[in-house]
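Worksheet: one structure, shown below.
All chains are named by letter (A, B, ...) in the order of the sequence lines, taking the proteins before the strands, and each is independently numbered beginning at 1. None of these values were measured; they are calculated from a predicted model.
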2 protein chains.
Amino acid sequence: MGAEQADTPISGDVPRDDREHTGTPISGSARRGGSDIPGGRRKQRVSMADVAKLAGVSSQTVSRVSNGHPGVIDSTREQVLAAMRELGYRPNSAARALRYGQFNTIGVILFSLASTGNSRTVEAIATHAAAEGYAITLIPIDVPTQDNVLGAFTRMGELAVDAVIAIIEIYLLDTVTVTLPPGVHVVVVDSDAGDRYSVVDTDQADGARRAVRHLLDLGHRTVWHVTGPRTSYAALSRARAWRATLEEAGRPVPPPLPGDWSAGSGYAAGLALAGEPGCTAVFAANDQMALGLLRAFHERGRTVPGEISVVGFDDIPDSAYFVPPLTTVHQDFAEVGRRCVRQVLAQIRDGQSSRPGTDLVPTSLAVRQSTAPPPAGATS
Amino acid sequence: MGAEQADTPISGDVPRDDREHTGTPISGSARRGGSDIPGGRRKQRVSMADVAKLAGVSSQTVSRVSNGHPGVIDSTREQVLAAMRELGYRPNSAARALRYGQFNTIGVILFSLASTGNSRTVEAIATHAAAEGYAITLIPIDVPTQDNVLGAFTRMGELAVDAVIAIIEIYLLDTVTVTLPPGVHVVVVDSDAGDRYSVVDTDQADGARRAVRHLLDLGHRTVWHVTGPRTSYAALSRARAWRATLEEAGRPVPPPLPGDWSAGSGYAAGLALAGEPGCTAVFAANDQMALGLLRAFHERGRTVPGEISVVGFDDIPDSAYFVPPLTTVHQDFAEVGRRCVRQVLAQIRDGQSSRPGTDLVPTSLAVRQSTAPPPAGATS
DNA sequence: TCGGATGATGTTTACGTAAACATTATCCTT
DNA sequence: AAGGATAATGTTTACGTAAACATCATCCGA
């Protein structure tokens, strides 16, 4: 619709700064618009009415141009566009939202961006949402109590949000149902609330099974496990699959060692395991804890993978550069984010509320150098 | 409008799993409100008018109650509150924003949440903003081109946002000035645009100086450096301070090795450095690259810190569990986030637009086990 | 040449909130 | 007891947008 119209008869004295140059014709004129009111505080926003006045049309016509509706003659459209540029007009999304009852915004509730998984998932959510014209509103929860979760959902309900994606431990989700206003859709990550909500998640069990099988296939008699925190559904799920896989194979199930995702907890577990003579293989519920294990074994002179094999979970970028490079379960966080957005948008478009169901993203195993067959002398 | 719909008169067999549990007195009544319109699509939102009607007052009184204004007699207030609960009323933030011309939202523009620093900073921003009643709207930029940055700022301008925090490489900031509507405030991280914007950042130079001094004080003749990407202001700044510190001390300045923040690039640099006989100390521009260095040195049989000392930058949680635990410059990302929010709020409240200036957060050195005096035979 | 179809544009209205102003009831002072 | 202050509540209006409807001009076919 653009530059070829440049010769409509507006006037001679307005500096037409959009002659043919590539980018952003906005810059020069926006500045000009700003200087309209010389002394005092300029009017904060430029509204359609302002544009309409300058262009000599009704504000409805401005609206039509703004939204690309048909039925505006080219010369008029050009005049309006020129006026928009001149004044630096931007549509006011609050008014739009009020009008439409829709905000084009997705709320995300989560505990911490500190964990790799969360931040990558959020990033993917933001990226895909942006591609669909949605923005992301973030509410982090510092202390994970039911009250705080409830509060976050309440705030989301008050905010201009069409849907909520909650990346949240399941046990905190119990009382939440009713706090959201009707019409707001929910998708949940890291939870098995598939009976109540749309759930998207990495297929934790699948990943854990891959890890354990890999170690068993290498000839290890059994596999020890360092768990994530008890409050995490992902951790629980991985531990369950670890146990199930061992049991299916008829292997003894050693007592799981409690961890909390941190390298420190992995280190502590590693110190304990270094003293277990029968231990030749460990599956850590995430890469950080695997890192702690590696360091503990290194300190205690237990070589990896010579004496002990270690498998992690997540495949954080660094894990390929651990000493030794870590064999780990690869999670596709980007895909999780993508599917969250897809689900949420489907709900918004259907007008349907969160329909229960679980959407699992498969994992894969990144085999590197922290795993090997057990040492010859090991109890097999 | 989700699960609470489940017990509108569908049938009796739905298990009521929320009888009498602790929180949310809202639950029961919110559900009632939902069933108002039996057949068709219920009215999406409950407005003040609805509450007013039910409470038998004017909507203005509801507004007063909603905002905690004085001048409402207790009995009336109670009636209104009851009606609010009954209907599950929530203020509509879009209408509010339209009315006030303020959105209580801060926009954050950034490249990637994948880097530890960014995600921690964003988290801190979100937390502190939330404490002040502000929400965060996130726009990530997948491909860092000027056009995309411009686009992100433009979108922010259209969104309901009172201010923008940009965590962005400086060189992409050039054309941006004019794209934001007047009245939107800007704070920038990771940039030296202090002449044009409010800048908050870690004191990169201070941190780099600490790292280099530490190594020189241990007796190393000079310090090698693995840089971050050329596009990063932080990387540039660290490299500059590294060079300056060496020059001040009258030491030779070895050629810097190019990195890109990734462990892989650190690894590559490490392989190169392992062949440099004179190299006894390396300062990596971040911890990931330091990790790569450690692995390369380990592979090449160069002991750390026996033969070579390594210092990183960031102090990511894992770095204490590297082999060996990494001496590194600690960045206070949370403080950076806090100050961003403080600056932005100050601007909003002053009504002043972004006033130039730079606010630097100091660093500290976390001394661990990857640094030691140079080996006895080393050239000194 | 006229009636009606079509296309371009204008006018009215509602979205939900809250400031500004208007009204009514109540209580105190003299 | 009357007048005036004060407190409690109601009414009107504007915020910026866009759907719905209304108006006007133009063009076409019979």
Examine C/dT9: is either OP1 or OP2 under 4.0 Å from a nitrogen or oxygen in the side chain of A/Thr76? Give yes or no. yes
Rounded to whole Å, how long is the line connecting atom NE2 of A/His69 with atom C1' of D/dA20? 13 Å
Establish, with yes or no, whether the OP1 or OP2 oxygen of D/dG10 is under 4.0 angstrom from a side-chain nitrogen or oxygen of B/Thr61. yes
Output the rounded distance in Å from OH (A/Tyr100) to P (D/dA18). 5 Å
Quick check: any donor-acceptor pair below 3.5 Å linking the side-chain of A/Arg90 to the base of D/dG16? no
Whole angstrom value for the distance that separates P of C/dA19 from CG of B/Leu98: 14 Å
OP1 or OP2 of D/dA18 sitting under 4.0 Å from any side-chain N/O of A/Asn67? yes
Spacing of B/Gln79 atom CD relative to D/dT9 atom P, expressed in whole Å: 9 Å
Phosphate OP1/OP2 of C/dT17 contacted by B/Ser66 side-chain N/O (<4.0 Å): no
Whole-Å distance between D/dG16 P and B/Gln102 CD? 14 Å
Within this structure, what is the CZ-to-P distance between A/Arg64 and C/dT9, rounded to whole angstrom? 8 Å
Could you state the atom-to-atom distance from CD1 of A/Ile73 to C1' of D/dC24 in whole Å? 14 Å
What integer distance in Å separates B/Gln60:CD from C/dA19:C1'? 7 Å
Of the options C/dA19, D/dT9, D/dA18, whose atoms approach the side-chain atoms of B/Arg99 most closely? C/dA19
Within the structure shown, what part of the strands sits under 4.0 Å from B/Ser63 by heavy-atom distance: base, sugar-phosphate, or nothing? base
